[in-house]
Amino acid sequence: MKILSILNLARSFVGLAFCGLAIFVVASTARGDTPGLSASPTVIGVKECAACHSAPSPIYEQLEVTSFIRLTEASEWLQNDKHAQAYELIRLDLTEEELNSVDRISNQRSRDICQKLGWSKGDGNFEKQCLTCHAGLDHRTTLDANTSSLLRFGVQCEACHGPGSIYTRIENHQQTTWREKTPLEKSELGMLDLASPSVAAKVCWSCHLGNIEQHRFVTHPMYAAGHPPLPPVDLQVFQDAMPPHWKELKDKPLSSHVHAKSPTTFAKQQEYYQARFGIVSATDADYQSWRDSYDRTRRSMLGSIAANDVGIQLIHDAAERPELWGDFAIYDCTGCHHELSKSKPRWRPLDRTPGRAYPAMWWSLEYDSKSSEQKPTSSTLSQEVLSAFDRVPFGDRRELVASSSAHADALRVRHQARQSMEQKPMTESEVRDWLVHLLESRREMLGDYWTAKQTAWMFQVAVRELVDHQAISDNPSLNKLDELSKELNLSFRIEPRTSVLVNLEERLEKSRTFDERSCLLLFEELAKIVATK
Amino acid sequence: MGWNWHGIGQRIYKSSYDVRKAIGKEAIIVRKLESCCIVHRNQWLHRLWSVIGVYLVLASSVISYAQETIISPATELNLSQPDWGIGAIFKTATVVRGAASCAASSCHGGPRPAVSTPSALRGSEYPIWLESDPHAASWRTLASEQSQQILTKLGIIRNGAIAKPREYDNCLACHNTNRELSTDKLTPLIAEGVGCESCHGPSQPWYAWHYQLNGSLIEGMTEIKPLVQRAKLCVACHVGSADRDMNHDIIAAGHPALYFDMSVYHDRYPKHWRDPMMSTPDYRARLWLAGQVAMADAELELTSARASKTHAVSVWPELSLYRCTDCHVALNGALHLPSGDSREIIVSGRANPRTWNLRGIESLAFHLESRAALLLIEESKNLQELLRDKASDATKIIEVTALLRQLLAAQFYPGGDRDVVGWNRQKLRSLSRTQLAKPEVGQDWESAAQFYVGAWASGAQSESKQLSEAMHTMRRALVFPNDKQSPSFPRAAKTNHPPNLEEWRSALKQAAVGLLESDSQ
């Protein structure tokens with residue numbers, strides 16, 4: 001009997017201990033104390049975001065939350081943003097009737113592509129190779145009933161903002177303390193700092209340029225089977241085209257925050273601006289300088305530099321993988337795909353070996369902040385990388401692995417200084433210098449349509465911002481921009497729910513027929529206008 | 001090379017007569033044996049077995065006899081590389097004298113034939129060559145502005161001096177065939193293009209006494225009367241050889257791509273000789289065949305040299321081994337479907353190997369259907385597969401090209417150009433007809449142009465009104481547009497550059513009908 005009672009006691013002790021442990025574990029995970037958190041953040045889907053982010057509820061308007069965040073993002077996005085239709089435009093499971101309608105030209109095309117490449121339903125190719133971009137799918141995700149239903153909405157919130165399971169359920173971003181966290185802290189909790197142009201650009205270019213590790217890469221067989229060629233990228237232009245579902249800095253009130261009247265929160269707001277912009281004091285004048293700054297041009301510039309990083313990473317990742325190496329998509333399309341002309345010799349920088357394929361050069365741009373003049377340098381691929389491409393047709397793979405990683409490391413060091421650009425506003429003289437030196441460094445490359453287009457977009461953003469700030473007059477600069485836009489076909493906006501295939505031929509026609517000389521003249525005239533104060 | 005069926009049949013019949021006689025005799029022997037010896041109870045069975053045995057022995061001997069003479073395994077063919085008797089003038093151990101040394105007015109530089117030497121065939125070879133022959137201009141071409149730009153882009157000329165002598169030699173090898181700059185200490189650089197000795201051979205062995213021989217074969221002088229020999233001389237430059245590699249780097253620098261055809265080039269050549277065969281109606285067809293043989297051999301030699309990277313300018317993979325238009329098509333929104341099995345090509349995203357120089361041999365091998373010819377087709381397909389595979393082993397390609405050259409020689413070399421003599425334009429026309437049956441002909445410029453040239457060499461454009469109209473339409477489709485070095489053919493979309501793909505296809509059908517009709521005449 002004694003033993004029994006002791007045993008009973010022991011049992012109850014064990015039981016209690018277990019309960020305590022369980023409670024502790026649950027509680028700690030709920031609080032988010034446990035480092036590393038039990039699992040990596042998972043995607044929860046736009047429906048949950050839309051619960052709050054489709055229309056602001058009166059309480060938020062009362063609290064002036066809508067002064068810094070619209071809270072209509074999900075509905076705007078669903079209606080206007082092309083990312084919302086990215087899956088819809090290529091989905092395969094349409095009936096024959098639906099396919100025949102004119103609006104479904106892109107669905108027909110995606111079917112053709114799958115058929116030509118020999119992909120069949122269920123072998124995972126469509127998911128791993130198409131939906132990694134067109135639905136923002138993580139390539140490690142297994143598609144089950146839950147995740148398949150998420151696909152309907154294309155590239156959703158979390159594809160860019162980061163998977164939301166932590167910052168919605170565990171460390172909730174709705175709390176007032178969220179705003180006090182630094183961007184880095186928010187990143188660790190899953191929400192990426194998209195206000196930083198470099199971070200945003202890396203996210204955007206992972207699809208719009210490519211990221212081999214994330215299985216986001218349009219291979220040459222896919223192009224050959226009918227995938228439209230990817231255009232060059234400019235962060236500000238692309239964001240304008242989305243259209244933006246966020247407020248720009250200049251649209252946010254000066255010292256907006258929740259509970260504006262509280263001094264404690266105001267202090268924390270200061271910390272926020274310090275962390276974000278490096279502003280030490282919290283005066284309105286500082287915020288004003290940010291709002292008056294050339295934020296759009298800064299965004300365009302930083303986005304282009306990020307594209308350079310992404311591009312060199314692509315080369316490196318492709319060179320590292322023997323099974324992928326040799327895929328022609330790494331190289332400049334027009335390096336091969338040009339008609340042979342007798343009188344108009346193929347444009348090429350003089351110092352490169354004829355007959356060789358080189359990587360696309362439109363993304364090759366660097367902001368060398370080591371030099372005091374801080375001018376961008378052209379052909380930023382290092383000599384080692386270029387000679388690896390030179391030595392044999394299509395490049396020496398092993399040499400490229402070494403040289404591209406060395407180059408990426410060097411860039412990383414040089415671009416650490418770019419942090420300063422993240423942290424300070426861009427001034428008018430910097431914008432003028434940027435444009436002038438941009439033209440000088442790229443002058444020889446402007447024979448390439450993709451390079452010319454990207455340069456023109458950068459010019460467009462900067463010149464328009466100069467005009468808006470009334471630093472230069474709108475006539476003739478805007479006229480010249482219009483001419484340039486016509487010559488290069490810079491127009492971007494297409495209707496929502498319309499595929500890019502609809503006017504692709506017109507767009508590509510310019511890539512074959514644009515007049516390099518007149519474009520160069522226009523660039524030079526614009527640079528002249530911009531240079532004179 | 002058709003088999004003599006009648007002869008074979010006769011031989012079999014004759015030998016079977018002996019067999020039949022023997023069997024008859026054998027039956028008598030058996031019966032005699034039966035009568036005087038102890039025989040098997042079942043005499044009929046015994047007789048049957050012995051008769052079968054005799055027939056088996058005879059049949060196997062007939063078959064082995066046929067195999068020996070008619071179908072021999074590959075190892076028994078003469079597969080050693082034949083000596084065509086043509087060397088590269090470029091590398092010669094003798095002094096090259098230059099065309100001007102042949103140009104005395106009483107020798108080959110005269111105004112008209114037989115002025116001083118009644119037996120001289122023409123007498124005005126040199127003036128004809130100098131004034132009209134494009135070969136005389138080839139050195140001027142190399143010295144022209146455009147060529148200088150090409151040389152500069154390739155880094156061969158830097159600051160007015162030759163920076164890469166071996167690569168410069170590569171240019172000289174075709175454009176000024178007299179001397180290899182980096183090694184030849186004997187001959188000074190003669191400022192003339194492709195002169196007399198480039199084709200007729202270095203003159204030092206025979207120039208002192210060749211005038212005494214009155215047109216008979218001169219030892220040491222290259223024999224260029226046989227058409228295949230002649231074509232081999234042309235293709236050494238116009239396709240390439242181990243010493244002459246005009247590769248994609250050079251094309252990218254601005255050099256035109258090489259598209260040779262013996263019948264066309266020969267037709268347009270300002271002839272400094274009198275060819276008695278020229279007026280025969282089958283001449284062009286025979287030239288076409290000679291050209292195809294020589295082009296294929298040269299292409300294979302060049303591919304092998306490129307894969308071995310023995311030449312100063314060789315790079316591997318060599319892009320000019322692939323069809324130009326598979327890559328060099330401007331991007332357009334409409335789908336550009338490559339020819340052939342488009343799915344396979346799309347999956348690999350790769351270009352087709354260029355078969356301009358090999359297609360004639362393939363078609364011919366289909367036509368001829370001998371065993372060596374079948375092997376030729378098989379190995380040819382093998383080579384194309386290897387070239388298409390990016391990770392292909394250069395060693396394997398060298399092996400396959402060597403084998404192909406041997407098969408080619410076995411098929412066409414025995415007896416010099418005997419097969420060219422047996423060839424005529426009717427045969428070429430029926431070959432063209434078999435080509436038409438293939439769906440891939442006409443899907444890309446190369447195959448379409450090959451077909452056109454073959455039909456032209458068979459005289460199709462002057463055969464009937466129908467055929468000549470079809471040929472005319474096809475020609476218009478194939479001509480490069482102004483200012484372009486790439487064709488606009490085929491155009492799937494509607495275009496106002498005439499004619500488009502539909503017109504081409506109807507012209508092909510018309511040509512097919514026309515060729516059929518001409519065949520039946």
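Every chain is numbered from 1 and lettered A, B, ... according to where its sequence line falls, protein lines coming before strand lines. Bear in mind that the values here come from a model prediction, so they are computed numbers and not experimental data.
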Taking every heavy-atom pair that is under 4.5 Å apart, which of B/I150, B/T152, B/L154, B/D249 has the most such pairs with chain A?
B/D249
Check the surroundings of atom CD in B/Q148: do more than 12 heavy atoms from other residues, nucleotides or ligands lie under 6.0 Å from it?
yes
What residues, two or more places apart in sequence or in another chain, satisfy side chain to side chain donor-acceptor pair (under 3.5 Å) together with B/H238?
none
Of the non-hydrogen atoms in B/L319 and A/F394, which two are nearest, and what is the gap between them?
CD2-CE1, 3.6 Å
Under 6.0 Å from the CZ atom of A/R321, do we count more than 12 heavy atoms belonging to anything else shown?
yes
Any heavy-atom pair between the side chains of B/V315 and A/R356 that's under 4.5 Å?
yes
Contact leader toward chain A among B/A257, B/P256, B/P317, where contacts are heavy-atom pairs under 4.5 Å:
B/P317
Per-residue contact mode, A/P228 against chain B (heavy atom under 4.5 angstrom):
neither
Sorted by chain and number, sequence neighbours left out, side chain to side chain donor-acceptor pair (under 3.5 Å) with B/T401 holds for none
Please indicate whether A/K510 has more than 12 foreign heavy atoms, meaning atoms of other residues, nucleotides or ligands, lying under 6.0 Å from its NZ.
yes
Give the minimum heavy-atom separation between A/P354 and B/A252, together with the two atoms involved.
C-CB, 3.7 Å
